[in-house]
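What follows is a set of notes on a single structure, which appears directly below.
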Amino acid sequence: VSPSTCHLHEGWLLTPEAAAIRPEEATAVVADVHLGYEWSRGNAGDCVPAHSLAETVDRLERLLGRAKIRKLVVAGDLVESARPCSRTAADVFRLNDWLHERGVELVVVPGNHDRSLSWMCARRPKSAAPGPIVATSDVSVAGWTITHGHQPCEGDRVMMGHHHPVLNVARFTAPCFLVGPRLMILPAFSLNAAGLDVATAKGNRRWPGHELRCVASTGAELLDFGPVQSLAAPIGRPSGRISNQSAAT
Amino acid sequence: MSTIDPMVESGKALGLLSEPVRRWFASEFPTGPTPAQATAWPPIFGGEHVLLVSPTGTGKTLAGFLAILDRLFRDQATNALKPGLRCVYVSPLRSLGYDVERNLSVPLAGLQATLGLAESPVQVGVRTGDTSAYDRRKLRDHPPHILITTPESLSLLLSQSTWRDHWRGVEHVIIDEVHALVPTKRGADLAVSLERLADASGHDPQRVGLSATCRPPDPVARFLVGPSRSCRVVEAPRPADSPALELEVDSLLRPGEGPHRGLTYRRLLRRLRRAIEANRTTVVFANTRPMTERITHDLRHQPPGRDERGEAPSYDRETDVAAHHSALDAGRRREVEARLKAGGLRAVVTSTSLELGVDIGTADLTVQIGLPGGVAHCLQRIGRSGHRVGAAPRGVIVAASASEVAGAAVTARAARAGAIEPLSMIESPLDVVCQQLLGMACAEETSVDSAFALFRKAGPTADLDRNDFQACLDFLAGELSSPAGAFEPDPGANPRWTSPRIWLRNGWFGVRSRRVQRWLWTNIGTITSEESVSVIADGKALGTIEGRYAERLSPGDRFVLDGRTLEFRRLDGLLLHARVVGGEPGALPIWHSDRQALSSELAAEVAEFRAEAARRATLDGPQAVRDWLADALELRPSAASVVAELIEAQDRYSETPEVNALLVEEFPSGTEPGLTYAFHAPLNRAACEALGRAISARVGRKFGRDLALQTADLGWSIRLPDDARIADEDLEALTSLDGLDDDVLEGVDRGDLAARRFRHVAATALMVLRNPERGKRVRVGGLLWVSSRLYPLVKAACPDHPLLRETKREVLRDILDVDAAARWLATRPRLRLRRLAAPSPFTLAWISPGADEPLHFDTPADALRRLHARMTASTAGDPT
């Protein structure tokens, strides 16, 4: 693995696919997959093309090429729909089958969107491979507690998702990791998730005392942007238009 | 038609009316019918389709209605008047509908009294988006003789099977303010609805269009009746004794002063206060909603300062000044309109929402802040004053800079001459076609062939292509196929669309479920708006602000709405809770609306007189130029001096471009390293933007780096990255006519214009719902999901999607003016390149800095890498 593509942090290999790999445990952690996003949209009345399963599989394919992986832990929000949705359920089993064929076990730490995951898992097709495993509580990998992050979590070292951190550059949005010695926040695996802009005051004051660094993904490589607190000044709030309009006579 | 002698005609016209109607009219209007009425009644009686073109305040409502009322009363006299719809009146404004209802109640009550009846035999009903569920049911079960409605509500009623049988009795359709609908998608939508109404009625109801002055009237007539019917155009002359309009241009800058926002804004407020003091009621057009809010707030609250001389106004600032714009709560708007009509307000500040319709009674002055965006708009606004008999419409255009004085001068000159811009229809908008197809499916099972024939009868969709039509149906049915290589698992298979709306079989189509019907009913219409958030303050709905703006607020932030300063408390989905606070104005809420612009004729005129003034300055000297400008532009001497000074400054610093030259000025970008190029051309914004995008595409290809483009009337600027530079010999190729269309398209694709328009197209076609069902809104993805994610997804899944084609058509045909740009380039303008140390006076005046659009020629990854390199370099150089 080329060190410029990935980023090593506290024994974790962070990858441009928004995953954290623990090589000695052959385990990868991702968060916020939001599978079946389009079905939720469809249920609300939108007529859009199905895409989230294809995109997820495509990214996982690249991820599995980076290291030997036997277990994929989803740190919450595997699915978008918090209501029972049979089309999402079908996609979950398609994803699980695809992983099973490649010898990867799927473990899900439930997030706030996963309320109906047990309902979906109960709709297992006869031919489906075993899994996914829905954890009843937080999972531990190499001494790190993997949690979703929508609820307070006890743990010495915590890895979570939920916040979808991003770095806004011009009008382009780059997903980014926020990493510190005792806390790691994963970017959303789904491209559909709009996120928390880490360069705003709202974003970088959220976890005081954690000395988080921002590691952003170009899609092909990771770039270390340094401490989150130092980001706001050079990038600035994207709000320069307020003053322009005020006295536009 | 225009040779008719009104005096002779008026006698004849009265003779057409039945006895009681004539008696009522004669007692009510002893002077007889107005010319508009006298010329319109005969063809309306004759059952022809009629377009009545007449200025405001000439009795247009009765001109359209009285002949129809007469028919109803004749039927009543022979006991042939049965319950049921007879006439549908469509108004583009809800408030106009209520106004008409009130205006109709006068003749109806009069006729009822004349006939000595206990109650009026003719029933009138109003159906708009504001109508309560109870009244809707009542209207459906007992339709009135005359139904007053809006284009959206008409489309909605046509899409309900319960209304299906009501249309049979309809014999007349009146469309008010039809000129305002012609150049819009809303108009295209209405034109198709009218065909659906004709189809449902089983015959072809008479159409009567009421229009303000339009030249030429033919496109409006064609819009009204479509390609296959004939239409009688009746142009009513202005009453002979009506006074000419008074319109002047007022410069907030004095000679010798540079533009200064703070100074001109304070002068503007003083100017407005003086106008309000001196007039009974003043209507102020502020163009944008933030400006409307700001001015209302300041007129109400600004404490008397140094230059106020401590005089208290003769009116109550808090209650006698009101704001009016379409983001305000409907109830609040109605209240303002009612008070305005009753003469209870001294000033109303409006964005553009009072431009049409509503009779505002006692208004005697209109003030337009900045350019009104064309002669037609200008006249329409001035027409809001002087509705009293014998009073002249009076208007002032207040200009804050030399370039605004110039633009205002040519606009005012054209307005006095009545030279309004020609109108043209939107041609076959496919998003509207999709919405109407869904509407037809919701009403009943429909044959594909008859639906296509119906579209071809309406003016805007007369040339609808059969393949485009089929693609719209396939999209709604979820059957659009994707090409090989799209991301779907099986190449060539249909992409799976999440919720198809219709079924499509054996040449018929129909709606899939009642849910889809509900989705249409709650999302009908074509009015585009950014996602908005409702503002509730102290338990009262005040209006809406833009969603993107609301998302950035934190508790304690202050903003202004309805002229009140509000403090943000929390955002709860699409509800914003706020608290009213007094005193200091906050930051202003942002709304996006397409910027107003000069027409191409006016832009060319400005360019021409600039060049002429520069020539005269060299030949005849400064005083002669001032005299000539004052004379030619009908300006006051001080305002003429302000314009002359700008031209003299430009000539000292750079040069005033000839109309047959493209002047390019290079100067260092102010805020960042690198160079900016300003291009000056005698074109309006739509043409400048087309040419600017094409040249940006060519520059971008050459350097492979991001640019920033800013467009305006009479020019545009392109900011280049720090190591790029345009050489003299590059200009020829950059301005070549070869491949212009393709380069305009590339320039569009590199920016966010197409993605932004796609949001609206997708919403109108109901690909995404503006108003999803309660509790089902998908929040993950944010407000911009449609432009940032769905747009590329649809491009990948189905590159020939009808909504992508519609987006492209709208951008190239409606927003940009590629043809005008190409015509000008074909004249082979001389190319002039000047390298300057700072932006020239013309650049500062016309292409003001601020809202540029980045055009991406490097990949997002490159942009991120560049930012990273810049930041690591700056930290490395930082001694801490």
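All chains are named by letter (A, B, ...) in the order of the sequence lines, taking the proteins before the strands, and each is independently numbered beginning at 1.
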Bottom line for A/L53: the part with an atom under 4.5 Å from chain B's heavy atoms is neither
* **Candidate pair B/R789 and A/H51, rule side-chain contact (heavy atoms from CB on, under 4.5 Å), full reasoning** => CA-CA 11 Å; B/R789 280 285 285 153; A/H51 60 278; 3.6 Å; yes
- Query: Are B/L864 and A/L223 close enough, and set up right, to give a side-chain contact (heavy atoms from CB on, under 4.5 Å), and what steps lead you there?
  - Reply: CA-CA 9 Å; B/L864 192 66; A/L223 300 168; 4.1 Å; yes
Shortest non-hydrogen pair, B/S499 vs A/G45, comes out as OG-C, 4.0 Å
Under 4.5 Å to a heavy atom of chain A? For B/R865 that would be both
Here the gap from B/L867 atom CG to A/T218 atom OG1, rounded to the nearest 0.5 Å, amounts to 12.5 Å
Residues B/W497 and A/C47: closest non-hydrogen pair is CE3-O, 3.7 Å
So, the part of A/A193 with a heavy atom under 4.5 Å from chain B: the answer is both
*asked:* Would you say CZ of A/R115 has more than 12 non-hydrogen atoms from neighbouring residues, nucleotides or ligands within 6.0 angstrom?
replied: no
Bottom line for A/S190: the part with an atom under 4.5 Å from chain B's heavy atoms is neither
| said: Any side-chain to backbone donor/acceptor pair from B/T498 onto A/D46? Under 3.5 Å, distance only. | reply: yes
Answer key: most heavy-atom pairs under 4.5 Å with chain B among A/S40, A/A44, A/A188 is A/A44
Query raised in the report: Do other residues, nucleotides or ligands put more than 12 heavy atoms under 6.0 Å from the CD atom of A/E211?
Result: no
Parallel under 30°, tilted from 30 to 60°, perpendicular over 60°: which one fits the rings of B/H868 and A/F225? perpendicular
Between A/V48 and B/L790, the two heavy atoms sitting closest are CG1-CD1, 3.5 Å
